[in-house]
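Take a look at the structure set out below.
Chain letters run A, B, ... following the sequence lines, proteins first and then strands; every chain starts at 1.
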Amino acid sequence: MELFVFICAAVMVLLGALGVILRSNPVHAALSLVLTLFGVAVLFVAQEAHFLAAVQVIVYAGAIVVLFLFVIMLLGVDKAEDIKTEPLTAQRPLALVLGVGVFAVLAAAIVTSTESVVRRGEGLSVTNVEDPDANIRQIARSIFGDYVFAFEVVSILLLVAVVGTVLLTRRQRREAVVSK
Amino acid sequence: MIAAAEPTTTWYLLLSALLFVIGMVGVMIRRNPLVMFMCIELMLNAVNLSFVSLAPRVANIDGQTAVFFVLVVAAAEVVVGLGIIVSIMRGRTHATVDDVAELKG
C-alpha cells in the first residue's frame, strides 16, 4: 500500500516537474508546478509530516502559484513562447549532460551513504487515532522552543520582503508631486 | 501483488535527487524568467523532500523544522523575485532573461 502511494506520488511529482520545464505556455507550466507540489505534499503525508503537508498545500499551491499566475497575467506573457529556438546552441546538450552527471553523483552518494546515517534524536512522534496532533505538537515545540530566535528573524524577513516589494513595483509618480 | 516492498529512505532520496536535477536543467534551458523561478521552486521542493525523508531516519524533528523555515524563506524570495521581474519586464511583450542584459550601465 505504501509502495502504491509512493509510486503514484512519484509519478505526479515527475510528470509535473517535466511539465514545468517542457510546456511552452507559462500558465501550463504553473499548473504543472501545482501537480508537483501536491505530489510532494502526498509524500510528506506518507512520511508522517502532516503539518508540513498542510503548509505545503496552503503556502505553495495556495499562495506562491497563485502569485505566479497573477504575475503571468499582469505581464501578459500568457502566450505560448517559442522554445524551439535557442540563442546559445550548445546550452541544451550541455545542460542535459550536466543534469545526468549531477544525478549520477547524487545517486551514487545516496546509495552509498544512506546506510551510514546514525540515529541521534529521541524519535518522531507518530500521529495516530489516539493522538491525532502529535506531529504538530512536536514541530511546535521545536519551532517555538529551540528555534524561536530564528522564527522571530524570519518574521522580520517577511515584513522586509513585503515592504521591499511594494517599493520595487510602485509606479514612479511624477517628481512634481514631491516638489509641490 | 509483489511481496510488500516498502519504499525506503533511499527511494525518497533518489526521487528528490531526480526532482532537483529536473529543476536544475530547467533553469539552464528555459529563457522565461517566470519559468526559471518555477524551476528554482522545484529545486527547493526537492531539498524539502530529502529533509523530510531523512527526519524519521535520524529520529529527529529538526529536519521538519528546517523545511518550515525553507517554506517561509521561499515565500519571501518569490515575493521579492516576482517584484523585480514585474518592474523589469513591465511593458515588454517578450519576457526573456536576455532582455535584462540591456540594463547594464
Side chain, backbone, both or neither: which part of [X] has a heavy atom under 4.5 Å from chain B?
| X | answer |
| --- | --- |
| A/Ile7 | neither |
| A/Ile139 | both |
| A/Ala9 | neither |
| A/Leu94 | neither |
| A/Ala107 | both |

**OP:** Report yes or no: do A/Gln47 and B/Arg57 form a side-chain donor-acceptor pair below 3.5 Å?
**Re:** no
**OP:** Please check if any side-chain donor atom of B/Gln64 sits under 3.5 Å from a side-chain acceptor atom of A/Asn135, or the reverse.
**Re:**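 The answer is yes; a qualifying pair exists.
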Original post:
Quick one: what part of B/Met38 sits under 4.5 Å from any heavy atom of chain A, side chain, backbone, both or neither?
Top reply: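 Its backbone and side chain both get close to chain A.
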**OP:** Sort B/Phe68 into side chain, backbone, both or neither according to what part of it lies under 4.5 angstrom from a heavy atom of chain A.
**Re:** both
**OP:** Under the ring-ring contact (aromatic ring centres under 6.0 Å, His included) rule, what do A/Phe6 and B/Tyr12 come out as? Steps first, then yes or no, please.
**Re:** CA-CA 8 Å; A/Phe6 176 80; B/Tyr12 283 100; 4.8 Å; yes
Original post:
Sub-3.5 Å donor-acceptor pair from the side chain of A/Thr36 to the main-chain atoms of A/Ala17, do we have one?
Top reply: yes
Original post:
Using non-hydrogen atoms and a limit below 4.5 Å, what part of residues 66-73 of chain A faces chain B?
Top reply: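 Expected list: A/Leu67, A/Phe68, A/Val71, A/Ile72.
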